[in-house]
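What follows is a single structure, written as structure tokens, with notes after it.
Hydrogens, waters and symmetry mates are skipped; everything else that's a heavy atom, side chains included, is used.
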Amino acid sequence: MPNRITELESLILKYQESYYNAEAEISDDEFDLLWDELKKLSPQSDVLKKVGTGSDTDGFPKARHIIPMGSQDKASNGEEFLEWAGKKAIKNFIVQYKLDGASLELQYEKGALARAVTRGDGITGDDITPNARRMKGAVLKMDIPFTGGVRGEVIMTNAVWKGKYPSKANCRNAANGIMRRKDGEGCEDLEIIVYDASVPDNDYFFTDEIKKIEWLKDRGFITTEVKVFDSAQDVVDYRNETAKKREKLLFDIDGLVVKDTETDMSDLRKARPEKQIAFKFELETAFSILREVIWSESGATYTPIGVVEPVRLAGTTVKRANLNNPDMIRSMGLKIGSAVTVVKRGEIIPKIEGLAPIENSEQTSEIEFPKICAVCNSDLTDGGTRLYCPNPQCPKRLLHRLEKWVSVLDIRELGEKLLRQLFEKNIKNIHELYALTAEELSGYDRMGELSAAKVIRHIQTKRELSLAAFTAGFDLEGVAETTMEKIAAAGFDTLEKLRNASVKDLSAVYGLGEITAAVITEGVKECANEMDAVLKTGIISIKDPPSLESVPLRGLSFCFTGELKTMKRGEAEEKVKNNGALVKSSVVKGLSYLVTNDTASGSSKNKKANELGIQIIDEQEFLELLKSALSNSNAVKLHSGKNQEKKSDNKTQGELF
């Protein structure tokens with residue numbers, strides 16, 4: 001888990017760098033997936049409090065923002081938006097297009113444009129004033145002596161992009177690159193559309209968002225389209241209508257910005273303002289032609305990837321899409337030349353969902369499956385859901401296992417190049433790493449005595465791993481550490497119990513399934529001798545399973561919905577995870593408790609919990625449950641199951657449930 005958190009933090013910072021200071025390498029949807037995963041795994045991460053890296057790659061002078069440019073919370077569907085709106089005391093919602101461009105703050109002194117500052121790290125950005133002066137919509141001199149900031153988005157219209165910059169991935173990338181040119185060339189092709197304004201020493205200069213937009217128009221600015229609704233459902237309906245016509249707009253938008261009509265400057269200064277939200281569009285669907293299937297090799301598994309005719313999807317040009325496994329290809333009747341539907345369903349790589357409902361005059365041919373392992377020449381096994389090399393001694397499998405082990409243990413000194421050298425010189429198994437000496441290693445390419453000693457010291461550092469991390473390090477095909485954590489939480493929390501577990505036993509763990517259970521049982525059996533050899537080194541050990549006292553909520557799962565009064569939702573989730581319980585983002589079969597302060601509401605989560613017989617408790621009951629569990633974990637009998645009658649208030653905490 002820590003390794004994944006570190007990886008996510010590194011990726012987010014990297015992609016923020018490219019987004020704010022160069023050209024985006026991934027789409028907004030892909031970035032959001034990384035952000036959401038980090039928020040779930042480590043809600044207190046400092047990276048989540050940052051907006052960008054703000055490096056000065058272009059050499060522009062730096063300038064501070066008048067009001068920090070924070071990020072917005074987001075809703076990806078109507079249910080999420082209605083949940084957010086239900087927690088806010090908003091009488092009227094102001095709705096604006098969420099422009100897909102590059103953020104810019106125009107700073108004025110006595111009505112004259114003094115600076116134009118990019119988003120940067122949210123506090124400080126690049127001063128690109130000379131370039132901004134050349135853009136359409138830049139008001140150089142107001143008709144009043146205004147001193148403050150005006151916020152907007154630098155955009156490129158679709159017509160300009162198609163006519164002059166088709167080599168750029170999208171309008172936003174083109175705009176972001178041009179606005180940072182030192183010579184300013186091309187800035188006349190850009191346009192500034194504004195949506196906000198503020199005065200640093202007067203929080204009451206603007207008190208109404210509608211009047212603020214009118215004020216901006218009166219000053220000569222180009223503003224976003226504005227709608228006002230008094231119902232959250234009306235906002236959802238408008239967003240659905242807008243999604244249908246977005247392709248016909250002059251510029252790209254990726255959703256709506258929804259906020260209170262009353263201006264609140266104290267909220268605007270927050271890193272993530274609470275009174276506004278980005279209401280994004282549903283993921284897009286596109287039709288294309290399957291041109292080729294290539295087979296990605298990872299460890300023993302061969303995974304099919306479809307090469308499609310390039311299409312625009314979620315703001316990027318898509319050329320490849322996931323096909324998952326052989327059975328998926330067969331079930332859809334796919335052939336080379338087939339017209340296919342390409343979607344994003346939460347994957348970083350788009351997915352081919354099936355045959356497209358369009359006429360197709362292309363000639364088609366059968367998709368050829370690999371038959372022989374490209375490394376050891378063994379016949380591949382087509383298991384339907386998995387095409388793989390069954391040879392346990394296949395060099396590719398062994399090397400991939402070594403790489404996975406080093407990754408899980410985060411032995412950074414043992415880089416990929418050095419590891420491959422070791423493999424080529426007969427280090428084929430994990431336990432053999434622990435027999436290496438500094439003297440042996442010093443003879444390797446670019447490896448002196450001091451460097452060799454450092455590597456050996458880090459390899460031989462004693463480590464106590466969780467069972468989940470230990471087993472994940474042996475590269476059980478397609479099985480992540482988080483999956484092994486679920487298994488441990490279900491009671492298979494020692495190596496002995498895991499070895500004795502049958503496919504039937506593991507498939508009973510919620511969310512696992514028979515196929516994954518079989519992969520785990522087979523993998524544990526295959527790696528048994530190697531696991532024992534690693535443990536015999538005395539350098540690696542497995543942590544004892546936590547006692548009931550240390551994980552009093554073990555075996556339980558919680559889903560939180562709505563606003564909590566005593567803590568933030570992320571804090572509540574951390575509390576239950578730290579005490580052995582699982583956190584679910586939705587109401588699913590097997591959930592122990594749904595926690596909400598509106599237990600009688602007709603929300604979709606409440607309805608589903610009632611249908612599934614899941615107990616619904618409020619925040620106070622949750623706190624009492626937690627307190628009871630922590631204070632007397634051996635005496636408190638905790639269980640999930642059918643809705644139960646609430647106990648009377650005169651019961652002791654230990655009898656509460």
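- Residue pairs that meet the ring pair (Phe, Tyr, Trp, His ring centres under 6.0 Å) test with at least one member in residues 237-256, sequence neighbours left out, are Phe229-Tyr238.
- Among residues two or more places apart in sequence or in another chain, the salt bridge (Lys or Arg N to Asp or Glu O under 4.0 Å) test is passed with Asp189 by Lys164.
- Applying the side-chain hydrogen bond (donor to acceptor under 3.5 Å, both in side chains) test to Asn131 and every residue at least two apart in sequence or in another chain returns nothing.
- Rounding to the nearest 0.5 Å gives a distance of 5.0 Å between CG of Leu190 and CE of Met135.
- Qualifying salt bridge (Lys or Arg N to Asp or Glu O under 4.0 Å) partners for Glu362, counting only residues two or more places apart in sequence or in other chains: Arg291.
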Could you give the side-chain donor-acceptor pairs of residues 369-381 under 3.5 Å, partners two or more places apart or in another chain?
none

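- By the side-chain hydrogen bond (donor to acceptor under 3.5 Å, both in side chains) test, Asp237 is found to be paired with Gln233, residues two or more places apart in sequence or in another chain being considered.
- With sequence neighbours left out, Arg151 forms a side-chain hydrogen bond (donor to acceptor under 3.5 Å, both in side chains) with no residue at all.
- Listed by chain and residue number, nothing satisfies the ring pair (Phe, Tyr, Trp, His ring centres under 6.0 Å) test with Tyr97 (two or more places apart in sequence, or in another chain).
- Legend: residues meeting salt bridge (Lys or Arg N to Asp or Glu O under 4.0 Å) with Glu368, ordered by chain and number and at least two apart, are absent.
- For the residue pair Thr157 / Glu191, no side-chain donor-acceptor distance below 3.5 Å is found, with atom types taken as modelled.
- Take Ala472 and apply the side chain to side chain contact (heavy atoms under 4.5 Å, CB included) test, not counting sequence neighbours, and it matches Glu481.
- Using a 4.0 Å cut-off between charged nitrogen and carboxylate oxygen, Asp254 and Lys74 do not count as a salt-bridge pair.
- The side chain to side chain contact (heavy atoms under 4.5 Å, CB included) search around Glu573 returns Phe560, Arg569, Val583, not counting sequence neighbours.
- Listed by chain and residue number, Phe81 satisfy the ring pair (Phe, Tyr, Trp, His ring centres under 6.0 Å) test with Phe279 (two or more places apart in sequence, or in another chain).
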